[in-house]
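What follows is one structure encoded as structure tokens, with my remarks underneath.
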Amino acid sequence: MFIAANWKMNLDKRLILEFSNNLNDFKFSNQVEACIFPPMTYVDYLNQLVSKLPISVGGQNCHYKNFGAFTGEVSPKFLQDTGCEYVIVGHSERRTFNNENNNEIKLRAQSAVDTNLKVILCVGENLSDRKNGHASEFVEKQLLECLPNNFENSLIAYEPIWSIGTGRIPNYYEINEMHENIKKIILQTINKEIKVLYGGSVNLANINNILDIPNVDGVLVGGASLKAKDFLAIYTAAVKHLQKNHIT
Ligand code: PGA
């Protein structure tokens, strides 16, 4: 089970310190992996603050080159250098606001994998594709066009665009069906099973139902991960889910 906290462009140094102070007395489980994705400028800072805790820190994006004249970009090598284990690639906000297309996302994902980072590759349809019954087709195309080589240690996050930050989520049957499809495509493509996370308006009210969906292996949480109390409650829900289902 995997809990990813995508802070996006939120929390400053003071709030990050406050957040991490609230983690110190918490009893983490070795069954649930957690990774926090802070703003790039605080990756190093957060990494130092949680260095004694079983929490990884990752980048919210990375470039497809390790060095070069790319003003404002962050290289996978730099993320790895600062102790990152994971990087999110292809988040819909990057696709929308920074015009990253499947081709570029594949390059970024490949570069990250080649630098020994584990990628959380985001895919997800918009509302009109969901309404027209084209969601699976859309996500399959994204997957096939974005998947880099050697993806074995990485993860997929299914994040319907219309669900991110809106409070609306697909029904549980739709989530299960999409995850099942994604797993099938990955298995056919790389001959390996990988974890598929659900993301989009995950919160304390729906976390238990989402974790109960058979093909969900964890969650990518935005807004509800910004307060330590909520982040830990989501983490605890994952631990309890495993205990309930006797998964050790
Ligand atoms: P949200 O964001 O949980 O605030 O909807 C999720 C994401 O964009 O990763």
Side-chain angles (χ1 to χ4, degrees), residues 1-11 15-16 19 32-40 42-43 46 55-62 79 84-100 105 108-109 112 117-127 129-130 135 138-139 142-143 146 154-172 174-175 178-179 182 195-211 213 216-238:
M1 191 61 73
F2 196 103
I3 308 294
N6 177 15
W7 286 354
K8 310 189 181 188
M9 203 171 72
N10 294 298
L11 303 192
L15 290 172
I16 290 175
F19 189 107
V32 177
E33 220 182 319
C35 184
I36 300 176
F37 299 83
M40 290 295 190
Y42 301 123
V43 162
L46 180 64
I55 287 191
S56 329
V57 176
Q60 295 178 11
N61 185 37
C62 69
L79 287 178
C84 286
E85 195 179 339
Y86 290 90
V87 61
I88 296 172
V89 178
H91 191 280
S92 66
E93 284 149 19
R94 298 288 314 176
R95 294 176 188 262
T96 305
F97 303 127
N98 299 78
N99 299 319
E100 289 180 16
I105 287 160
R108 287 178 186 245
L117 290 169
K118 294 173 191 160
V119 170
I120 297 185
L121 176 63
C122 299
V123 293
E125 80 286 355
N126 59 33
L127 192 54
D129 279 313
R130 168 58 65 183
F138 183 87
V139 167
Q142 275 187 326
L143 271 179
C146 296
S154 293
L155 301 91
I156 300 288
Y158 168 54
E159 298 207 303
I161 300 171
W162 53 277
S163 184
I164 295 175
T166 60
R168 301 165 61 196
I169 65 170
N171 69 43
Y172 303 130
E174 289 167 335
I175 295 176
M178 184 63 86
H179 280 225
I182 291 172
K195 286 194 172 81
V196 180
L197 313 181
Y198 171 77
S201 294
V202 174
N203 57 36
L204 298 183
N206 60 27
I207 183 68
N208 288 319
N209 287 334
I210 291 173
L211 293 176
I213 301 172
V216 168
D217 303 309
V219 283
L220 174 52
V221 191
S225 72
L226 295 174
K227 291 198 176 99
K229 190 166 76 52
D230 296 347
F231 168 74
L232 291 176
I234 287 172
Y235 183 96
T236 302

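Both ligands and their constituent atoms are indexed starting at 1 by order of listing.
Using modelled atom types, one side-chain atom of Gln142 and one backbone atom of Gly124 make a donor-acceptor pair closer than 3.5 Å. Judged purely by atom type and a 3.5 angstrom limit, Ser163 uses its side chain to pair as donor or acceptor with the backbone of Arg168. Without hydrogens or angle criteria, Gln60 side chain to Lys8 main chain gives a donor-acceptor distance under 3.5 Å. Side-chain atoms of Ser225 do not come within 3.5 Å of backbone N or O of Ala5 as any donor-acceptor pair.
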Could you give the N/O to N/O pairs under 3.5 Å linking ligand 1 and the protein, each with its distance?
residue  : atom  : partner : partner atom : Å
ligand 1 : 2 (O) : Lys8    : NZ           : 3.2
ligand 1 : 3 (O) : Gly222  : N            : 2.9
ligand 1 : 4 (O) : Gly223  : N            : 2.9
ligand 1 : 5 (O) : Gly165  : N            : 2.7
ligand 1 : 5 (O) : Ser201  : N            : 2.8
ligand 1 : 8 (O) : Lys8    : NZ           : 2.7
ligand 1 : 8 (O) : His91   : NE2          : 2.7
ligand 1 : 9 (O) : Asn6    : ND2          : 3.4
ligand 1 : 9 (O) : His91   : NE2          : 3.2
ligand 1 : 9 (O) : Glu159  : OE1          : 3.3
ligand 1 : 9 (O) : Glu159  : OE2          : 2.8

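With sequence neighbours excluded, the residues satisfying side chain to side chain donor-acceptor pair (under 3.5 Å) with Asn126 are Ser128.
Using the six-membered ring where Trp is involved, Phe19 and Phe231 have ring planes that are tilted, between 30° and 60° apart.
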